[in-house]
*Asks:* 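Here's a structure for you.
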Number of protein chains: 2
Amino acid sequence: MTSVASAASVSAAPASAGPVPASVAPARTPARAERLRCDAARNRERVLAAALELYREHGGAFTVEEVASRAGVGIGTVYRRFPTKNALLDELARPFFEQLLTTAQAAYAHPEPAERLEMFIRAMAEQHATDGVRSGRLWDTAVARPLRDEYVRTLELILADARASGRVRADVGPYDVGVVVWSVTGLIDATQHAAPVIWRRYLDLLVDGLRPGGERPLATRPVTQSDWEQLVSASPVLRLG
Amino acid sequence: MTSVASAASVSAAPASAGPVPASVAPARTPARAERLRCDAARNRERVLAAALELYREHGGAFTVEEVASRAGVGIGTVYRRFPTKNALLDELARPFFEQLLTTAQAAYAHPEPAERLEMFIRAMAEQHATDGVRSGRLWDTAVARPLRDEYVRTLELILADARASGRVRADVGPYDVGVVVWSVTGLIDATQHAAPVIWRRYLDLLVDGLRPGGERPLATRPVTQSDWEQLVSASPVLRLG
DNA sequence: ACGGAAGCGGAAGACGATTCCGGTTGTCGT
DNA sequence: ACGACAACCGGAATCGTCTTCCGCTTCCGT
């Protein structure tokens, strides 16, 4: 009832140790039992392609039946492969999500350590704005967990650089940065169609706000990992229901 | 199909001119034609009370049928009074929304002009956190428009004080502040239940970011009123549909 | 070529918002 | 006090969607 078959496919990857986390382990060819029959695999791709097309056209406001018919399959076929409409949408966001990690690592690879944090934040926002697939829900998915850990590890390294260079106030932690990025992506989602540039201005304000020099201490304890996890799992629930 | 009956009730209010905008004109007793029959009025209150109760219990995740049965009326009765479930929810948010304007005016009344802007931003967030009714959708409502104008006018006055006192960078406009407040309320909505204090820390970051002293100019033009209007009308649409 | 697991299509079911309508009840003029 | 009638009422029916179910079909391994 719960698991997407491929969710377990990364479990065997050895934990990477280097400063720059290794990129995601390439998906090994699935074992006999978990491979789809070839017609099934073909249909799965068709469904995904149709869904992506519809997503780009109508941004999530489409029917499962539309997906099925555009893919040339029956509704039942869609549901055999994706237990729920949300699961289907999550699957659309996955490549985008994986790209996020790459982007984070690229920021960490920036030659000037002092610039890495700002680079990171801006790159995250930029990617979100460019791709346009809402991925917030995905952070709480089984597939995402291993990626997420690497993401946070990378962010911590970046933050250490920024701190060492005096480019960030000392009382800011990685999950604080997470919240900041989240807020920007929320703004991007809300404004992108109507006013595609607002978010950059807002981001500038945020980045400036991260500079050292504030006299007052921040009001509360740092955001913790647990805070962050609850935030991402709660974030889809933003309106009536 | 569109209008809530009372939407026109403020149209006769004279435009206020003083530096502190006059408080909202008290709703005059509705004319003969627009007064509800007394049983209808009673039912309306019951529905509203039931809805508020359910809202506090389940945060929007309840059925119109539940509202009706808790109020002891039929579904049809709910729908005669509120054309749509969203309209009902908006009505719940209205008193809260009107309170916002009062809060803004209170901030402007702060004895120390230099403190008014920060006071304003913090008070807005605090009220949002305290009341807990999502009101974003309401900003785009017919009832809200006159209030909104006064709200913006007050904010402009506050901003002028802040600028005169050197407490805000010169390139920040009222709608920039609007975006900032919006982002905080979004964070509040998303985190309040799980981690009730995160937003204060984030707000501190934002406030510090508004201080003068940033060397770089902001990347894009100021947020305009039109930007803002599109933002608020689009913001409920944050997920699939 | 054959047996059967894995797939397939699409009808049926579940759920919630919204609409409709025949019967009921305050209100107002007389 | 009374009658007429517009405004109300309740809740069954409708509609749009997601999700489940099931009898029939098609690939895969032997």
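Remember, predicted model here, so these are calculated numbers, not experimental data. As a basis for the values below, the full set of heavy atoms in this structure was taken, side chains included, without hydrogen atoms, waters or symmetry mates. All chains are named by letter (A, B, ...) in the order of the sequence lines, taking the proteins before the strands, and each is independently numbered beginning at 1.
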*Asks:* Of the options C:dG16, D:dG10, C:dG9, whose atoms approach the side-chain atoms of A:Thr77 most closely?
*Replies:* C:dG9
*Asks:* Rounded to whole Å, please give me the gap between CZ in B:Arg42 and P in C:dT25.
*Replies:* 12 Å
*Asks:* A side-chain contact here means heavy atoms from C-beta on lying under 4.5 Å apart; do A:Asp39 and A:Arg42 qualify?
*Replies:* yes
*Asks:* It should be established whether B:Asn43 places a side-chain nitrogen or oxygen under 4.0 Å from OP1 or OP2 of nucleotide D:dC8.
*Replies:* no
*Asks:* Provide, to the nearest angstrom, the distance between the CZ atom belonging to B:Arg37 and the P atom belonging to C:dG26.
*Replies:* 7 Å
*Asks:* Check the distance between C:dG9's P and A:Ile75's CD1 and give it to me in whole angstrom.
*Replies:* 11 Å
*Asks:* OH of B:Tyr79 versus P of D:dC8: gap in Å, rounded?
*Replies:* 18 Å
*Asks:* Is the shortest side-chain heavy-atom distance between A:Leu206 and B:Ser183 below 4.5 Å?
*Replies:* no
*Asks:* Measure from the side chain of A:Asp39, starting at C-beta and using heavy atoms only, and say which of C:dG7, C:dT18, D:dC8 lies closest.
*Replies:* C:dG7
*Asks:* Has B:Thr84 got a side-chain N or O lying under 4.0 Å from the OP1 or OP2 atom of C:dT18?
*Replies:* yes
*Asks:* Reading DNA chain C from 5' onward, which residue's closest nucleotide shows up sooner: B:Arg80 or B:Cys38?
*Replies:* B:Arg80
*Asks:* Salt bridge (charged side-chain N to carboxylate O under 4.0 Å, His left out) between A:Glu91 and A:Arg94: does it pass, once the steps are laid out?
*Replies:* CA-CA 5 Å; A:Glu91 207 58 31; A:Arg94 186 192 299 207; 2.8 Å; yes
*Asks:* Measure CZ/A:Arg81 against P/D:dC18 and give the value in whole Å, please.
*Replies:* 20 Å
*Asks:* Distance check needed: D:dA13 C1' versus B:Glu65 CD, whole Å only.
*Replies:* 13 Å
*Asks:* Let me know the distance between CG of B:Leu88 and P of C:dT18, rounded to the nearest Å.
*Replies:* 10 Å
*Asks:* Quick one: are B:His128 and B:Val184 in side-chain contact, heavy atoms under 4.5 Å?
*Replies:* no
*Asks:* Atom CZ of B:Arg35 to atom P of C:dG26: distance rounded to whole Å?
*Replies:* 16 Å
